[in-house]
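One-based numbering, in listed order, for ligands and for the atoms of each.
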Amino acid sequence: MAYKTIIEPFRVHTVQAIDLPDHDAREAALVRAGYNLFGLHADEVIIDLLTDSGTGAMSTRQWSGMMLGDESYAGSRSFYRFEEVVRDLTGYSEIIPTHQGRAAEKILFSVAVNEGDLVPNNTHFDTTRANVEYQGATAFDCVCAEGRDPSLEAPFKGNVDLDRLRGTIEERGVAKVPLVMVTVTNNSGGGQPVSMANLRAVRAICDEFGIPMFLDACRFAENAWFIKMREDGYADKTPKEIAQEMFSIADGCTVSAKKDGLANIGGFLALNDRDWALQARNLLILTEGFPTYGGLAGYDLEAIATGLEEVLDEKYLHYRIRSTEYLADTVHEAGIPTVRPAGGHAVYIDAAALLPHIPAHEYPAQALAIELYRAGGVRGVEIGTVMFGRAREGEPDEPAAMELVRLAIPRRMYTQSHIDYVGEVIIDVASRGADMRGYRIVEQAPWLRHFTARLEPLD
Ligand SMILES: Cc1ncc(COP(=O)(O)O)c(C=O)c1O
């Protein structure tokens, strides 16, 4: 394109009103919610960047396709369309729909993982970690060194550290490593991509030890786009060809269709191993439903099938990745510390660097997230000590590795003026960083406390 403005490759067809609550309403909402942004009503939020999961806008093709939904309990036409699209994309023979990504994880790990096992991953997403640990196994993260340095500019910071992977398999013993996973893109590591070369190298290690390799492929299309843009030899390939090549390297995948499926709900497990698939389908019937709907309505399967086609459109992916990068660059150029380079789906502000006067146990990232909401009604999420620092009862918090505020961008939902507004709010709030104070937790649950904790501002 000759011009620099990123135009959305769609026009608005149906609108959903935003209430634009004023400052007093936002302050009252904060007090009511105990300064926990999960406690806000969505109507109290102006721009909601809490997550990109299931929050995107569906297309006219998806909505009209839903009218074709076949709700037959067994053998629904919509399932066979879904199966065809997923098989064409991934090349895997066994396609098992689930109601969302974590259900696919739960089923895969119930089948494949035993107590005392270890599952390596570049970085486990929290549900993936929890599902591995629920089997009594160890979820082991081995992202490359670049991926652990937030400010470093490198093209594939989601890559697996191959030496650590090999060393860990040797140390634990092959028999205790039932599979290796790679998350594309690496959500918990800043939405950073994994290169094709790294996927091939992981495969070579897996082959050497005879271990199956799986992708956590929620954001497979965004990862494919980064490969096209950044890796030698891929510039002339289509995103679909690149995605197909990524899937062909592994033996199977778990997917939440709420991300690159461009749907509001859904997921799947896809794999080649018939024996594992048989066991998985038996569990599916127990928890999700019959194998031709797996916890979804026929119309959901239609929406996902169409979403998986639309997400690989180059114009869409260009807009998607550029608009995330645009927000990240706006903030970066204003001197605000962020995870670099921009990830695929979110901008991560480094609150520890921005607010060095607030110690981890006074929750700098939570303070920043609250201030973004108070100032401009922008809701992000704290990824720091509130989320990860819970110690045993009566003991002080353990500081999280990083204090980040994640602003995740829903797909096809906000326009450039919304994104410009978010940039303005961040820059304004950051300019007042020195005046910001920390918080203390006054009420918390014994696990996953960030969802329900209540906090109070410190004087
Ligand atoms: C990398 C990754 N894996 C798994 C999941 C879980 O998917 P779901 O929320 O559909 O259960 C997510 C959700 O955000 C994710 O980002």
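- Looking at atom 10 (O) of ligand 1, its nearest protein heavy atom turns out to be Ser256 OG, 2.7 Å.
- Pairs passing the salt bridge (charged side-chain N to carboxylate O under 4.0 Å, His left out) check and including a residue from residues 151-168, sequence neighbours excluded, read Arg148-Asp161, Glu153-Arg340, Arg166-Glu208.
- The structure places CG of Leu312 at 11.0 Å from CH2 of Trp225, a figure rounded to the nearest 0.5 Å.
- Shortest contact from atom 3 (N) of ligand 1 to any protein heavy atom: Asp216 OD2, 2.8 Å.
- Thr127 OG1, 3.5 Å is the protein heavy atom nearest to atom 6 (C) of ligand 1.
- Here the heavy atom of the protein found nearest to atom 4 (C) of ligand 1 is Glu105 OE2, 3.1 Å.
- Selection from His124, Lys259, His99 by nearest heavy atom to atom 13 (C) of ligand 1 gives Lys259.
- Considering CD1 of Ile107 and CG of Leu286, their distance stands at 9.0 Å, rounded to 0.5 Å.
- Between Tyr73 and Tyr293, the ring-plane angle classifies as perpendicular under the 30° and 60° cut-offs.
- Protein heavy atom in closest approach to atom 9 (O) of ligand 1: Arg102 NH2, 2.9 Å.
- Dense packing is recorded around CZ of Phe10, with more than 12 heavy atoms of other residues, nucleotides or ligands lying under 6.0 Å away.
- Using a 4.0 angstrom heavy-atom cutoff, Gly267 does not count as in contact with ligand 1.
- Among the atoms of Cys218, none of the N or O lies under 3.5 angstrom from an N or O of ligand 1.
- Legend: residues meeting salt bridge (Lys or Arg N to Asp or Glu O under 4.0 Å) with Arg61, ordered by chain and number and at least two apart, are Glu309, Glu310.
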